[in-house]
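What follows is a short report on a single structure.
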Amino acid sequence: MARKILCVAEKPAIARAVATHMSGGSFQTHSVRGNQYVKNYEFEFNFGAPWGSCSVTMTSVIGHLTGLDFERQYRGWQSCPPGALFEAPVKEEVDEKKMPIAENIRNQARYSKALFIWTDCDREGEHIGTEVRTQAMSGNARIEVRRAKFSNTERAHVLRAAREPITLDEFQANAVAARIELDLRIGAAFTRLQTLQLQQVAEILKEKVISYGSCQFPTLGFVVDRYLRVQNFKPETFWGIKVMLQREGIKVNFLWRRVHLFDRAAVTMMLERCLSAKQAKVTKVNQKPKSKWRPLPLTTVDLQMMGSRYLRMDSQKVMKVAEALYTKGFISYPRTETDQFDKAIDLKKLVEKQYPDGRWGQYARELLDGKFRTPRSGRHNDQAHPPIHPVSWVNPSQLNSDEKKVYEFVARRFLACCSEDAKGQGTDIEIQYGEEMFHASGLIVLERNYLDVYVYDKWESSQNLPNFEKGERFEPTEANIFEGKTTAPGYLTEPELIGLMDANGIGTDATMAEHIAKIKEREYVVVNERGSGRSKVSELIPTKLGTALVEGYDNVVADLPNSISLSKPFLRKEMELRMLEICAGSKTRQEVVQQSLDMYREVFIHTQRRIAMLKTACRKYLVPE
DNA sequence: GCAAGGTC
């Protein structure tokens, strides 16, 4: 009998795609008792030396198999002081719902010579791989374990991954294990402490869970930070000089190089000097081609930001809709950090699939008639998923209105990536007037190219500039002083928040939207709709509770030399750096867990000692006088 | 009743 090899992917869709390539399209599908999504695919495959031709069962898990929790006697909120959770024993157990999946792996492993792990090639994937290995080995202790290294599900790439397996990266798996333990201990300890303490302070907190998490709190911190900047904003008056020339029936406005100053007397004096010079001199006339670059291939973070901005959906909604489109086979996997297309992907074939569309089908045809350009490459590659792109065309009548909007965006974005940049002719004119420099610029859009399909970008020709020659002199039609006031920044919008989280390493592409949803659910922030119609913006405003928590924690650590407030992203960032050290092999999991726990324990003890400050902040905002 | 991370 042929040797048997068990393959396990991170999710059903990958199992199916890999099985399709390895089997050349002919495999048997068996359902798995107890789970409707996971399937076992059986087929023959020649792995080459040393395995040779084998019968294969390809199956999957659905993300992590296990979860970490405290031992039973520590799960009650009154069972121990919250601080004890820094040391309380924890155990990893297969989730109740994942039991049938784990059992399937144990059963399949029993008759298998080897286990090939096909989880995503990222940190979480390595950890999920160890969970799969544990199950397989408990079914068959002698099973040999390998790992397939792949970054997309293109056929040749998959086949090579099957024939050139590597080993699991224990360092990366350990880094995730450390993250899991830290998130649990720190999250639970602070959540219980602040919930139990603050519930006593105000009537409206009585039944509330006041959660703390290393991601949700910095997310809240960003919202409060902006809110306070808006509240504390004091407008300042500034003055500037504007110069206008009327020529060939066109009014040309020249902008001051200094933009504006906050000293009226100084500006007045500068203007006087200009006026007494009478004539201005053209110091530069620059004609140069300008281009507006087509967008980069689409990542999750970008999809969420663009979704909030142009599709009027919050980030969680966009992701839900994108997942539905993915599950139905219309777009590629929507969780990716990759903004470069692999060379192996046949992009033209994907463009061709858009031919039937009434809105951009013609544009797609023109691309393949010679206008096609290889997409730009960004600098990110998660080695697991390609940029988000349409994989098949769908008739809009088959989609609901949100799905239509997201699919349209993904399709237009993809076609834009495969297009030429927009081209234009720019003119910059610089003049010297007295001692001061001014400039005017014009733009003529010559070729719209990608703009024709990517309706979300705007790039318009400006008013035509009249002719100027370098060295010529003219007397301006007008030269005036103008007055203005600095304006407050707006409240934080969701796309801005996602940008901040991304830049500060708070959450992952897949979880950022969840953290924002979490702080809404906890009533730390609310969404305020301002304006109407096209100019409508959704602003995030902290509630009194959200403001009180941030203020309270800031006060608690205000006079500590090294403690950084929990509302800031730095602690999480530090944890991230330590995880990278585990990945590099320079620190062990145990060292990192101990170090990080020590750091957070210090803040915890301090918070406990000064719990009155947290309570005072809550009372200040939440208890009526 | 707590976290964050996978995925459905």
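Throughout, protein chains are lettered first and strands after them, A, B, ... in sequence-line order, and every chain is numbered starting at 1.
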(Q) By the 4.0 Å heavy-atom rule, please label Pro82(A) as base, sugar-phosphate, or nothing. (A) nothing

Q. Expressed in angstrom and rounded to an integer, what is the separation of Asn174(A) atom CG from dG5(B) atom P?
A. 18 Å

Q. Do the side-chain N or O atoms of His515(A) get closer than 4.0 angstrom to the phosphate oxygens (OP1, OP2) of dA3(B)?
A. no

**Q.** Selection from dG1(B), dA3(B), dG5(B) that lies nearest to any side-chain heavy atom of Thr195(A)
**A.** dG1(B)

Q | Any side-chain donor near an acceptor of the partner, Lys208(A) and Gln199(A), under 3.5 Å | A | no

Q) Tell me: CD of Gln172(A) to C1' of dG6(B), nearest whole Å? A) 15 Å

**Q.** Short side-chain N/O contact to dA3(B) OP1/OP2 from Arg185(A), under 4.0 Å
**A.** no

Q: Kindly assign one of parallel, tilted or perpendicular to the pair Phe604(A) and Phe86(A), based on the angle between their ring planes and the thresholds 30° and 60°.
A: perpendicular

Q) Think Lys568(A) forms a cation-pi with Phe222(A), using NZ or CZ under 6.0 Å from the six-ring centre and within 45 degrees of its axis? A) no

Q. Between Tyr524(A) and Gln216(A), do the side chains contain an N or O donor and an N or O acceptor separated by less than 3.5 Å?
A. no

Q | Short side-chain N/O contact from Thr119(A) to OP1 or OP2 of dG6(B), under 4.0 Å | A | no

Q. Among dA4(B), dG6(B), dA3(B), which nucleotide sits nearest the side chain of Ala510(A)?
A. dG6(B)

**Q.** dC2(B) OP1/OP2 closer than 4.0 Å to side-chain N/O of Arg522(A)
**A.** yes

Q: Report yes if at least one side-chain N or O of Tyr326(A) is closer than 4.0 Å to OP1 or OP2 of dT7(B); otherwise report no.
A: no

**Q.** Closest to side chain of Phe70(A), choosing from dC2(B), dG6(B), dT7(B)
**A.** dC2(B)

Q: Quick one: label Gln216(A) by what it contacts on the DNA or RNA (base, sugar-phosphate, nothing), any heavy atom closer than 4.0 Å.
A: sugar-phosphate

Q: Report which part of the nucleic acid Lys320(A) touches: base, sugar-phosphate, or nothing (heavy-atom distance under 4.0 Å, all strands).
A: nothing

Q) Does the side chain of Thr299(A) come under 3.5 Å of the side chain of Asp339(A) through a donor N or O and an acceptor N or O? A) no

(Q) Under 6.0 Å between ring centres: does that hold for His157(A) and Phe150(A)? (A) no

Q.
Taking the nucleotide of DNA chain B with the nearest heavy atom to each, does Gln199(A) or Lys98(A) sit closer to the 5' end?
A. Gln199(A)

Q: Tell me what Tyr333(A) touches on the nucleic acid: a base, only sugar-phosphate, or nothing, going by heavy atoms under 4.0 Å.
A: sugar-phosphate

Q: Just call it for Arg572(A): base, sugar-phosphate, or nothing, with non-hydrogen atoms closer than 4.0 Å on any strand.
A: sugar-phosphate

**Q.** Charged N-O contact under 4.0 Å between Glu514(A) and Lys518(A)
**A.** no

Q: Classify the nucleic acid contact of Asp69(A) as base, sugar-phosphate or nothing, counting any heavy atom under 4.0 Å across all strands shown.
A: base

Q: Just call it for Glu10(A): base, sugar-phosphate, or nothing, with non-hydrogen atoms closer than 4.0 Å on any strand.
A: sugar-phosphate

Q.
Can you tell me if Ser211(A) touches the phosphate of dC2(B), counting only side-chain N or O atoms and a distance under 4.0 Å to OP1 or OP2?
A. no

Q: Indicate, with a heavy-atom threshold strictly under 4.0 Å, whether Arg179(A) touches base, sugar-phosphate, or nothing.
A: base

Q) To the nearest angstrom, how far is Ile506(A) atom CD1 from dA3(B) atom C1'? A) 13 Å

Q.
Both Met512(A) and Tyr37(A) contact DNA chain B. Which one's nearest nucleotide lies toward the 5' end?
A. Met512(A)

Q: State whether the aromatic ring of Tyr212(A) stacks on the base of dA3(B), taking stacking to mean ring centres under 5.5 Å apart and ring planes under 30° to each other.
A: no

Q: Check every strand shown and say whether Arg75(A) touches a base, only sugar-phosphate, or nothing at a heavy-atom separation below 4.0 Å.
A: nothing

Q: Remember a base hit wins even if backbone is also touched, and classify Ile186(A) as base, sugar-phosphate or nothing at under 4.0 Å, heavy atoms.
A: nothing

Q) Counting side-chain heavy atoms from CB outward, which of dG5(B), dA3(B), dT7(B) is closest to Leu184(A)? A) dA3(B)

Q. When we call it a touch if two heavy atoms are under 4.0 Å apart, what does Gly125(A) touch: a base, just sugar-phosphate, or nothing?
A. nothing

